[in-house]
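The next block holds one structure in the form of structure tokens; read it before the comments.
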Amino acid sequence: MKQFHLRKTPPSSPIDYHIDYESALNQQQLSAVTSPAKRLLILAGAGTGKTKTLIYKVSRLIESGVPPEQIVLLTFTRRAAKEMMERATQLLDERCQYVQGGTFHSFCTQILRKYSNHIGYNNEFSIIDSADSIDLIQHVRSTLNIDHRSQRFPAKRSLAKLFTLHKNKQLDMRVLLQEYYPQFLVHEKDVIRLFKTYESYKAKHHIMDFDDLLFNTEKLFIEYPAILERVSSTCQYVLVDEFQDTNKIQASLCEYFSSFHQNLTVVGDDAQSIYAFRGSDYENILRFPEEHANTELIKLEENYRSSPEILEVANAVLKQSSILFKKKLFTNRESSDLPALIKAIDDKEEAEFISQLVLHLREHQITLGEVAVLFRNARDSFTLELALQSKDIPFKKFGGQKFTEAAHIKDVLAHIRILSNPNDTVAWQRVLMLIEGVGPKTAEDLFLWIQEVQSKQGGASTTDSTHWFSDSEWMNKNYYNGLNRLGSCLINASKCTPWHDSVPLIVDYYLPICKDLYDDASKREEDLASLLQITKTYQDIQSFLTDLVLEPITDTVTDTLASREEEAPLTLSTIHSAKGLEWKHVLIMQCLDGSIPSTFSIDNEESLDEELRLLYVATTRAKEMLYFTYPRTSFRQREGDYLTKASRFLDPITANLEPWELIHDTHDPNLNEGNKPPLLE
DNA sequence: CCCCTGCGACGGGCC
DNA sequence: GTCGCAGGGG
Ligand SMILES: Nc1ncnc2c1ncn2[C@@H]1O[C@H](COP(=O)(O)OP(=O)(O)OP(=O)(O)O)[C@@H](O)[C@H]1O
């Protein structure tokens, strides 16, 4: 017998990393980045560098030769996703742009656009946002003739909420009714019937709502293992930020995505779980190690973001929770002033203080971009926005749907949606009812008639139906003229190439209607002009509509004006949209009982805890200085002026705060600044 | 069948 | 504030 000696090959030459991981990261962070573990959980408090670690891990993988398009980086909010991509690109280079992912919803959409034909959808299915979903529920309800006379039936919003909870929490409708709307338990049967009809309606019309994007992806994976294998084989590494905010289905999607290569890293902080209303469950992250025995757990404890004074307040906030959080954060950052507590006399004074403080900070080298004002409800900043506008302080607001929610934008979008999908009932309904004299019933009849005409033409597209409404049964109606104008507008619009040339036609058609409907038409006209600009950046109608639902425009006209100036604007944001971000100075405004905690949470310990975590998230956004403000009086239409109540969460932390007194200065506003007392003493 | 008015109930955060 | 329903006149 011959012998063949296999030589020992030298170990592959060590990779020449461009990034100095060892000096940028601490011990635990480094071990998370370099860990060979296939399943890794990083469980750590706010500001301990979780996101940073994740970004370094992505860079490290790319530097070690993993193709970026084989890495999937998922997170929860669009802002966090964008922020993460930017930070990664800045750290390494353009290669990071090819990393897959974004939000769960956008990633699932990409998969479904390729494969949803397997589960009975067109790959061109429409996606509806929550407002559309509410409208659709209403529409479906009107077809069911549900008896609401004897006993009040849940409003469309409540129904929508029930339906998402039902899908996301996978709880029985009865249980949900019991917990959230016991007064509607009598309607259980009808609610379920409506839910089923809503579901089948969407399926039949190739419409998906946000929940469907997740559910249908899972369904696809369950029913078609071959597709699962194909998709997951392109996901060599799956990394998930903010894992505490995932719900059951998102957690299970993570397992599916990583099922082929089995590399799954998740990052999160159970103390920052603030999306229970959407069915998220922080138990997901705590259970994560139990799902697989070989999970490596890494904890980070040093906070690199906030001063000790801020961290002290944050810890004191969290201590009020009925659930015990064992972690205690520490920091080596230098001391700052004590966080401030400002009690304004009313909303106006609060807004005035914030805008003057922001200007004062700008004089002292804290730019607007380094300051954020956070609040519980999107509308809490209304008075402040007016004050900022009057002082020409540029700001950008996050949270609240505003632009795409606005009626006039939705109106124009509905026309565009018809061009994209002539079967879109909700869009037709909306468009038809804009015509004077057309109500729900006529709109429904018209829609059925249009569908019939279309099917008679053997599925020919809208382009051929040049004489839609003439010679028809509608000739003699008083709304015939309006109908005809709509008809020719849509026909001309559908012939446009490129597609976005159709938008000016639609806007021209719509403007008279808009002027008739709203007093502030000129402001709305400007919005439509900016919508027009946006449409020009899209090659096709489909991607435009998808993007608009998944990434609704947050810029309003004021923002656009602001962005013309070079200076980075002040940030106004709901706390929910601020998660994962940080600023030098953070103001939390409207710290009132009824706002935070919200009125709807106060008699339920679980939701009260979530409100508290929300305040914790807000406080931990600050690096150098933190301010709590609230008005002592406020105004409501019915009651008039009334005394407010400070947030109950502030009481136990007042010892850690420094009260600031607001003094109205009586000097002539035109007096030289040097002759007045300093703003802050 | 539409559209206006008045009245009571509800109301939040995100994709 | 906004929604959703009831009652009226067109
Ligand atoms: N080892 C480190 N050395 C210096 N700075 C660090 C280190 N780790 C993190 N930081 C800084 O701390 C700040 C917080 O980091 P990061 O945003 O990654 O925290 P996080 O844990 O994701 O926070 P959160 O849970 O609040 O989103 C960042 O400014 C980051 O640059």
Side-chain angles (χ1 to χ4, degrees), chain A residues 74-81 102-109 127-135 138 141-142 148-149 152-161 164 168 180-181 183-184 208-215 242 245-247 249-250 273-280 374-380 382 398-401 404-405 407 432-433 435-446 477-479 517 546-552 554 573-580 590 594-602 607 610-611 613-615 617-618 635-639:
Chain A
L74 291 168
T75 182
F76 211 66
T77 60
R78 292 174 280 125
R79 264 182 104 189
T103 61
F104 277 90
H105 291 84
S106 69
F107 190 55
C108 287
T109 303
I127 304 172
I128 55 171
D129 63 16
S130 42
D132 289 334
S133 143
I134 287 169
D135 287 350
Q138 183 74 349
R141 182 188 155 180
S142 71
H148 49 79
R149 252 161 251 275
R152 205 186 155 76
F153 197 70
K156 53 186 182 180
R157 279 159 206 286
S158 316
L159 289 165
K161 203 183 280 187
T164 22
N168 286 305
Y180 298 96
Y181 305 97
Q183 72 272 34
F184 296 138
M208 295 197 204
D209 62 20
F210 285 133
D211 297 330
D212 294 328
L213 296 175
L214 306 180
F215 274 79
E242 312 282 13
D245 288 322
T246 55
N247 59 32
I249 178 128
Q250 287 163 327
S273 151
I274 53 174
Y275 282 98
F277 70 90
R278 232 180 75 163
S280 83
L374 307 182
F375 34 85
R376 173 64 177 85
N377 307 115
R379 65 179 134 78
D380 289 342
F382 183 73
F398 297 88
Q401 250 59 71
T404 26
E405 286 281 274
L432 291 168
M433 278 176 55
I435 299 170
E436 175 107 63
V438 177
K441 183 71 178 78
T442 313
E444 180 72 21
D445 293 346
L446 274 165
K477 305 286 191 198
N478 57 344
Y479 44 81
L517 238 44
T546 303
D547 261 25
L548 217 57
V549 178
L550 294 183
E551 320 219 349
T554 43
S573 177
T574 58
I575 302 173
H576 282 94
S577 311
K579 102 176 312 210
Q590 295 279 320
S595 271
I596 184 158
S598 125
T599 345
F600 319 114
S601 71
I602 45 180
S607 37
E610 177 147 315
E611 298 289 312
R613 293 194 295 267
L614 207 46
L615 190 63
V617 168
F635 179 82
R636 255 197 300 258
Q637 203 61 262
R638 281 174 186 272
E639 292 119 284

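So you know, we letter chains A, B, ... as the sequences are listed, proteins then strands, and number each from 1. Predicted model only: the values in this text are computed from it and were never measured.
Between the CG atom of A:Leu614 and the P atom of B:dC14 there is a distance of 10 Å, rounded to whole Å. Residue A:Asn377 contributes atom CG, which lies 8 Å from atom P of B:dG12 at whole-angstrom precision. We find that CZ of A:Phe153 is positioned 19 Å from P of B:dA9, with the value rounded to whole Å. As rounded to whole Å, 13 Å separates atom C1' of B:dC15 from atom CD1 of A:Ile128. Counting to the nearest Å, the C1' atom of B:dG13 and the CZ atom of A:Phe210 are 14 Å from each other. As a whole-Å value, the separation of A:His105 NE2 from B:dC15 C1' is 4 Å. A:Leu159 places its CG atom 11 Å from the P atom of B:dG11, with the value rounded to the nearest Å. As rounded to whole Å, 9 Å separates atom P of C:dG4 from atom CD1 of A:Ile134.
A donor-acceptor contact under 3.5 Å is formed by the side chain of A:Arg278 with the base of B:dC14. Looking at A:Lys579, its side chain has no donor and acceptor atom pair within 3.5 Å of the base of B:dG13. Judged by atom type and distance alone, A:Gln138 does not reach the base of C:dG4 through any side-chain donor-acceptor pair under 3.5 Å.
Contact annotation for A:Arg379: backbone-only contact, meaning every heavy-atom pair under 4.0 Å involves sugar-phosphate atoms and none involves a base. Residue contacts for A:Tyr275: at a heavy-atom cut-off of 4.0 Å it reaches the sugar-phosphate backbone alone, with no base atom in range. In this structure, A:Glu242 reaches neither bases nor backbone, as no heavy-atom distance under 4.0 Å exists between it and the strands shown. Nucleic acid contact for A:Phe104: none, since no nucleic acid atom lies under 4.0 Å from a heavy atom of the residue.
A:Phe153 has its side chain within reach of A:Leu159: a pair of non-hydrogen atoms, C-beta onward, lies under 4.5 Å apart.
Residue A:Glu436 has its side chain nearest to B:dC3 when only B:dC15, B:dC3, B:dG12 are considered. Distances were taken from every side-chain heavy atom of A:Ala155 (C-beta onward) to each of B:dC15, B:dC1, C:dG4; the shortest belongs to C:dG4. Nearest to the side-chain atoms of A:Thr77 among the listed nucleotides B:dG12, B:dC2, B:dC14 stands B:dC14. In this structure, the nucleotide among B:dG12, B:dC2, B:dC14 sitting nearest to the side chain of A:Pro440 is B:dC2.
In this model, the phosphate group of C:dC3 is not approached by any side-chain N or O of A:Lys156 to a distance below 4.0 Å at OP1 or OP2. Remark: A:Ser577 is not in phosphate contact with B:dG13, judged by side-chain N or O atoms under 4.0 Å from OP1 or OP2. Considering only side-chain N and O atoms, A:Thr574 lies under 4.0 angstrom from the phosphate OP1 or OP2 of B:dC14. Within the 4.0 Å cut-off from OP1 or OP2 of C:dC3, at least one side-chain nitrogen or oxygen of A:Arg157 is found. For A:Thr599 and B:dG11, the shortest distance from a side-chain N or O to OP1 or OP2 is not below 4.0 Å. Residue A:Ser158 places at least one side-chain N or O closer than 4.0 Å to OP1 or OP2 of B:dG11.
Of all the heavy atoms in A:Ser133 and A:Asp209, the pair that sits closest is CB-CB, 4.4 Å.
Shown here are the side chain to side chain contact (heavy atoms under 4.5 Å, CB included) partners of A:Phe107, two or more places apart in sequence or in another chain: A:Val72, A:Leu74, A:Gln100, A:Gln110, A:Ile111, A:Cys235, A:Phe257. Scanning for salt bridge (Lys or Arg N to Asp or Glu O under 4.0 Å) contacts around A:Asp132 gives A:Lys410, A:Arg417, with sequence neighbours left out.
For the pair A:Glu444 and A:Lys441, the salt-bridge criterion is not met [side-chain N within less than 4.0 Å of a carboxylate O].
Taking the 5.5 Å centre cut-off and the 30° plane limit, the aromatic side chain of A:Phe600 is not classed as stacked on B:dG11.
With rounding to the nearest 0.5 Å, the separation of CD1 in A:Ile274 from NE2 in A:His576 is 4.5 Å.
Listed for the A:Arg78 side chain is no donor-acceptor partner under 3.5 Å among the backbone atoms of A:Glu551.
Between A:Glu611 and A:Val438, the residue anchored closer to the 5' end of DNA chain B is A:Val438, taking for each the nucleotide with the nearest heavy atom.
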